[in-house]
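Following: one structure in structure tokens, then a few remarks.
Side-chain atoms are counted along with the backbone in the values below, which use heavy atoms only and exclude waters and symmetry mates.
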Amino acid sequence: MATTINELRAKRAQAWEAAKNFLESHRTEKGILSAEDDATYTRMEQDIDALGKEIKRLERQQEIENELNLPTSQPITAKPSAALAVPTVGQGRNSEEYKTAFWNMIRSRALTPDVLNVLQVGTDADGGYLVPQEFENTLIDALAEENLVRKLARVIKTDTGDKVIPMVKSHGSAAWMDENALVPESDDKFDQITVGAHKLGTFIKVSDELMADSAFDIADYIAKEFARRMGAKEEEAFFVGNGTKKPTGILADTDGADVGVTLNSAAITADSLIDLFYSLRAPYRRNAVWIMNDSSVKAIRKLKDKNDQYLWQTALTAGTPDTILNRPVYTSPYVPEVAAGNKVMIFGDLQYYWIVDRQGRVFKRLNELFATTGQVGFMTTQRVDGKMVLPEAVKVMQVKGSSASSGT
């Protein structure tokens with residue numbers, strides 16, 4: 001499969017070169033394309049996008065196959081005497097007893113006393129049960145797959161509701177001075193930000209027949225479905241949330257990233273990309289990434305620098321993103337399209353956007369609510385917050401004009 005992916009990447013790169021050559025050879029004296037040539041070029045771009053999507057599908061398929069091919073047990077490599085040692089058994093929500101009791105509770109309407117006794121370890125104040133630690137880690141991994149920001153930001157786990165984060169607001173400096181003069185004082189100034197724990201929840205319904213079917217992997221279904229829903233809602237807030245009952249997004253007007261470039265018109269230019277690149281200080285550029293809407297990508301693919309080189313470079317290695325000015329490019333539907341007043345592009349080191357997870361996702365089984373329709377409901381809630389801890393580490397591009405609804 002790796003060979004197929006590499007072949008598709010090579011084919012995609014060739015298609016992109018062909019598209020660039022077509023664009024150059026069919027421009028009119030005014031530097032534009034005729035309607036017929038524009039339609040042809042659009043079809044070429046669509047073919048490139050289709051190849052990109054197929055590459056992503058094959059890469060994901062390869063990841064799943066690699067996971068399924070992992071050994072189900074570890075080979076014995078220790079000395080015989082060491083192998084006789086009693087294995088360590090997890091405690092609390094990490095114990096096999098708790099995991100067994102939890103999934104028995106999920107599958108069965110009747111909660112026996114022994115099951116209830118075991119589940120007391122993870123009883124939540126809201127009346128549900130904390131998910132087993134192993135399953136919570138699986139759910140967090142699934143959230144990362146469904147959520148771009150979680151892959152790039154710094155994620156912190158806490159057992160408390162609010163977390164106070166100290167930060168340096170300004171640095172002291174050295175100074176030249178006369179011989180035997182006193183060394184001038186110059187202290188760092190410190191500030192702090194508070195990251196809270198906003199509540200996010202959803203529920204799903206599963207038929208009694210599926211619940212009774214032992215072949216139906218209820219844990220896998222719940223993890224993927226909840227991750228899809230929660231991940232999408234999280235990512236939206238991590239970009240445009242205004243901090244009211246939700247995280248403060250990177251593009252928020254208050255406490256969001258700094259504006260690096262302001263466009264006078266709703267058109268991204270090569271110069272504006274270069275300006276945004278250098279609006280970010282060099283230390284942050286080392287780990288910086290670009291994030292934008294798909295529609296912005298389409299416009300940028302046609303741009304060149306002053307050396308007549310295309311800014312957009314397609315990736316040839318499996319599992320690596322395309323680049324602009326040698327930095328990775330990612331897309332998200334939650335970054336606004338290019339329009340007056342919108343913040344349309346992000347460039348920066350997202351390790352300075354912190355996501356704080358309050359440990360312990362809560363599950364509730366809703367037996368009676370959907371009993372008349374032969375279904376069982378499952379509800380989950382989590383507490384999470386996100387905030388820029390150093391706004392200067394991320395710069396955004398904004399289009400001049402009346403402010404759009406960023407930070408909703």
Side-chain angles (χ1 to χ4, degrees), residues 1-66 145-146 148 151-152 263 266-274 276-277 288-339 344-347 397:
M1 181 175 295
T3 303
T4 304
I5 293 175
N6 290 335
E7 289 175 352
L8 285 176
R9 284 191 169 274
K11 187 175 181 180
R12 179 168 171 252
Q14 291 173 359
W16 174 231
E17 290 300 322
K20 290 190 293 185
N21 293 334
F22 179 87
L23 189 63
E24 290 303 309
S25 61
H26 287 74
R27 291 184 190 272
T28 65
E29 294 180 355
K30 295 181 179 179
I32 60 176
L33 297 177
S34 66
E36 182 180 355
D37 288 340
D38 184 66
T40 301
Y41 180 79
T42 299
R43 288 194 296 270
M44 297 174 78
E45 274 200 341
Q46 290 172 348
D47 291 340
I48 294 170
D49 289 339
L51 286 169
K53 291 178 181 178
E54 181 61 23
I55 290 168
K56 289 182 179 179
R57 280 194 292 268
L58 289 176
E59 287 177 345
R60 180 58 185 149
Q61 182 181 345
Q62 183 68 63
E63 290 177 4
I64 295 173
E65 289 185 358
N66 290 341
E145 290 180 5
E146 295 287 340
L148 172 63
K151 295 179 182 179
L152 303 173
L263 298 178
I268 300 173
T269 64
D271 285 348
S272 66
L273 288 175
I274 295 172
L276 182 61
F277 183 88
V289 299
W290 304 87
I291 307 177
M292 64 195 73
N293 193 285
D294 281 330
S295 61
S296 300
V297 169
K298 183 176 180 180
I300 292 171
R301 275 183 169 161
K302 304 175 185 179
L303 300 180
K304 293 182 177 182
D305 62 17
K306 293 181 180 179
N307 296 320
D308 208 34
Q309 298 295 318
Y310 281 93
L311 296 175
W312 184 277
Q313 297 294 324
T314 57
L316 296 176
T317 306
T320 58
D322 297 336
T323 62
I324 298 176
L325 300 174
N326 295 320
R327 298 310 308 154
V329 183
Y330 298 94
T331 61
S332 171
Y334 301 108
V335 177
E337 296 184 351
V338 179
V344 300
M345 191 179 302
I346 296 168
F347 180 66
M397 179 184 292

So the salt bridge (Lys or Arg N to Asp or Glu O under 4.0 Å) pairs with at least one residue in residues 309-319 (sequence neighbours excluded) are none
In Å, rounded to the nearest 0.5 Å, how long is the span from [atom1] of [X] to [atom2] of [Y]?
X	Y	atom1	atom2	answer
L263	T269	CG	OG1	6.5 Å
E45	F22	CD	CZ	11.5 Å
T331	D294	OG1	CG	4.5 Å
D271	L276	CG	CG	12.5 Å

For [X] and [Y], work out which heavy atoms get closest and say how close.
X	Y	answer
V289	Y330	CG1-CE1, 3.8 Å
A19	Y41	O-CE1, 3.4 Å
V338	A267	CG1-N, 4.1 Å
V344	A339	CG1-N, 4.2 Å
L148	I291	CD2-CG2, 4.0 Å
L303	A299	CG-O, 3.8 Å

From the list I324, L23, L311, D49, side-chain contact (heavy atoms from CB on, under 4.5 Å) with R301 holds only for D49
When L273, V335, N293 are each screened for side-chain contact (heavy atoms from CB on, under 4.5 Å) with M345, the one that passes is L273
* Go through the steps for D322 and R12 under the test side-chain contact (heavy atoms from CB on, under 4.5 Å), then give the verdict. => CA-CA 11 Å; D322 297 336; R12 179 168 171 252; 2.4 Å; yes
Check this for me: [X], atom [atom1], are more than 12 non-hydrogen atoms of other residues, nucleotides or ligands nearer than 6.0 Å?
X	atom1	result
E24	CD	yes
K304	NZ	yes
N326	CG	no

So, do [X] and [Y] sit near enough that their side-chain heavy atoms are less than 4.5 Å apart?
X	Y	result
R327	F277	yes
E17	T314	no
I300	M292	yes
T42	K298	yes
T40	H26	no

| task | Taking only Lys NZ, Arg NE, NH1 and NH2, and the carboxylate oxygens of Asp or Glu, determine whether R9 and E59 approach each other closer than 4.0 Å. | result | yes
Q) If you measure from the Lys or Arg side-chain nitrogens to the Asp or Glu carboxylate oxygens, is any gap between K11 and E54 under 4.0 Å? A) no
For Y334, the ring-ring contact (aromatic ring centres under 6.0 Å, His included) test, sequence neighbours excluded, returns none
Short question: side chain of S25, backbone of N21 - any donor-acceptor pair under 3.5 Å?
yes
message = In terms of relative ring orientation, are W16 and Y310 parallel, tilted or perpendicular, with 30° and 60° separating the classes?
response = perpendicular
